[in-house]
Amino acid sequence: MKFLHLSDLHLGKRVNEFSMVEDQRYILRQILQIMEEEQPQGVLLAGDIYDKPVPSAEAVQMFDGFLTALAGRGTLVFAVSGNHDSAERLAFGARLMQGHGVYLSPVYDGKVQMVELADAYGKVCVSLLPFIRPVQVRHAFEDEDPVSYQEAVGVAVRHIPVDTSARNILVAHQFVTGAERCDSEEVSVGGMDNVDVSVFDAFDYVALGHIHGPQSVGRETVRYCGTPLKYSFSEADQEKSVTVVELLAKGDVRIRTIPLIPLRDLRRICGTYAELTLRANYEGTNTEDYIHATLTDEEDVPDGMQKLRAIYPNLMRLEYDNRRTRESQTVEAVETLRRTEMELFEEFYELQNNQPMNEKQRAFAQELLAKLKEEGES
């Protein structure tokens, strides 16, 4: 049985204030063309379908069109909500859509939806585990008290009735320890969202979402397919793709990738202002791409952003790499080293919450840091 593994569409996303809607429509059409060529039985869509819990009308229309096209081809869809999605909104109309082969994970209440399929090799069970937090698992199982994500996901997985004689697929949206992150992902302080890959041992293939770079973790069959588009310049060197998964006999899982070609690439360029201008004019580079430009001129170019945008209309970011900026970076690094752990934590808290810590929060954080330091020294 063949599946296409997708995740992290982030429909409606803006990157450096540039709307990605046109690029997303383009890449969804390309994915549908791949569906036409590959003829998979199903699509595994592992969360972060939307970029925001309350998506824009354009984003909803895009996903509606995508689902309608898949259903029209008779392709089954297995989708879970991610940390960027509203589980309640995504699950709206789920029971009605099942009649058209579209399975959307319900709001997590301790039960995980499982869909049974069959082919010449026997039964295939697809389980849908949406993004979960420890508090959700505690509410679902009063006799359990998971504190960490590792414990929470472990409890949730243990309550899935896995038939080990069948071939089992899990669609999930979590951070598995060891996966390489990108700048465009939501990061938890201290890696609190880490889940060990061993939690998924019962499954023949784990279709993961959350990490934006395509990669396997722990074993080949626990896989992040990555985003279909680049959403940060830390992803500039990645080749985006869709993952094709074929389940033959029990234990025989074949995985390959198909590259995706974006409408506009997202890339970095570096050189003097004159060099970048000449490169665009004479080297035939794609000036419509999304660009992060680094100028190496020793003197700042007046109105450099506006001038370069006349050549690179989708210039997203401009910075300098010269003697002045390198000296500034050195001073900044020294100042950071001089700050205490508490000062750094307070700065991080304010960046995350748009407000400073109150006295009660500061006292709690100081007590926690002191305790962690004592444990580290013992």
Notebook entry, point to check: Does a side-chain heavy-atom distance below 4.5 Å link Arg223 with Thr257?
Noted result: yes
Next item on the list: Apply the test side-chain contact (heavy atoms from CB on, under 4.5 Å) to residues Leu70 and Leu32: give CA-CA distance (whole Å), side-chain angles for both, the deciding distance (0.1 Å), then the verdict.
Entry: CA-CA 8 Å; Leu70 292 175; Leu32 289 173; 3.8 Å; yes
Checklist line | Close side-chain approach of Phe3 and Pro40, heavy atoms under 4.5 Å | finding: no
Note to self: What I want to check is whether the side chains of Thr221 and Arg219 have a donor and an acceptor closer together than 3.5 Å.
What the structure shows: yes
Next item on the list: Return yes if some donor-acceptor pair links the side-chain N/O of Lys230 with the main-chain N/O of Ala236 below 3.5 Å, else return no.
Entry: yes
Margin query: Taking Ser165's backbone N and O only, do any of them form a donor-acceptor pair with Asp163's side chain (distance below 3.5 Å, no angle check)?
Written below: yes
Check: Is there a side-chain contact between Gln24 and Leu229, using heavy atoms and a 4.5 Å cut-off?
Finding: yes
Check: Is a donor on one side and an acceptor on the other found under 3.5 Å between the side chain of Gln39 and the backbone of Glu36?
Finding: yes
Check: Looking only at atom types and distance, does a side-chain atom of Gln41 sit under 3.5 Å from a main-chain N or O of Lys2, one as donor and one as acceptor?
Finding: yes
Notebook entry, point to check: Is the Tyr224-His210 ring centre distance short of 6.0 angstrom?
Noted result: no
Notebook entry, point to check: What are the two closest heavy atoms between Met357 and Arg362, and how far apart are they?
Noted result: O-NH2, 3.1 Å
Next item on the list: Evaluate side-chain contact (heavy atoms from CB on, under 4.5 Å) for Thr177 paired with Val197, printing each intermediate quantity in order.
Entry: CA-CA 7 Å; Thr177 305; Val197 69; over 6 Å; no
Check: Between Arg268 and Thr294, is any side-chain donor less than 3.5 angstrom from a side-chain acceptor?
Finding: no
Next item on the list: Dump the intermediate steps for ring pair (Phe, Tyr, Trp, His ring centres under 6.0 Å) on His10 and Tyr50, then the final yes or no.
Entry: CA-CA 4 Å; His10 286 278; Tyr50 297 117; over 10 Å; no
Checklist line | For the student: nearest non-hydrogen atoms of Ala79 and Leu128, plus distance | finding: O-CD1, 4.1 Å
Notebook entry, point to check: Is there a donor-acceptor contact under 3.5 Å linking the side chains of Asp23 and Tyr290?
Noted result: yes
Check: Would you say Met1 and Glu246 make side-chain contact, with heavy atoms under 4.5 Å?
Finding: no
Checklist line | Phe175 vs Val195, side-chain contact (heavy atoms from CB on, under 4.5 Å): CA-CA, chis, key distance, verdict | finding: CA-CA 6 Å; Phe175 175 59; Val195 176; over 6 Å; no
Check: Is the CD atom of Glu142 crowded by more than 12 outside heavy atoms at less than 6.0 Å?
Finding: no
Next item on the list: Look only at the side chain of Arg309 and the backbone of Leu315, and say whether a donor-acceptor pair between them is shorter than 3.5 Å.
Entry: yes
Notebook entry, point to check: Just wondering, do Gln238 and Pro214 contact through their side chains at under 4.5 Å, heavy atoms?
Noted result: yes
Note to self: For Glu288, is there any backbone N or O sitting under 3.5 Å from a side-chain donor or acceptor partner on Asn314?
What the structure shows: yes
Next item on the list: Going by the side chain to side chain contact (heavy atoms under 4.5 Å, CB included) test, name the single residue among Val171, Leu44, Asn168 that passes it with Tyr205.
Entry: Leu44
Note to self: Within a 6.0 Å radius of atom CZ on Arg14, are there more than 12 heavy atoms belonging to other residues, nucleotides or ligands?
What the structure shows: yes
Next item on the list: Determine the sole option in Leu104, Leu117, Val102 for which the side chain to side chain contact (heavy atoms under 4.5 Å, CB included) test with Phe78 is passed.
Entry: Leu117
Check: Between atom CE of Met316 and atom CZ of Phe233, what is the distance when rounded to the nearest 0.5 Å?
Finding: 5.5 Å
Margin query: Is it true that, when you exclude Lys250 itself, more than 12 heavy atoms of the residues, nucleotides or ligands shown sit nearer than 6.0 Å to its NZ?
Written below: yes
Checklist line | Within-4.5 Å side-chain heavy-atom neighbours: Val222 and Phe203 | finding: no
Item checked: Near-ring test His159/Phe141, centroid separation under 6.0 angstrom -> yes
Check: What is the minimum heavy-atom distance between Leu67 and Met97, and which atoms define it?
Finding: CD1-SD, 4.3 Å
Next item on the list: Assess whether atom CD of Glu239 is packed by more than 12 heavy atoms of other residues, nucleotides or ligands within 6.0 Å.
Entry: no
Next item on the list: Please check if any side-chain donor atom of Gln113 sits under 3.5 Å from a side-chain acceptor atom of Lys111, or the reverse.
Entry: no
Check: Counting only N and O atoms by type, is there a donor-acceptor contact under 3.5 Å from the side chain of Asp297 to the main-chain atoms of Thr272?
Finding: no
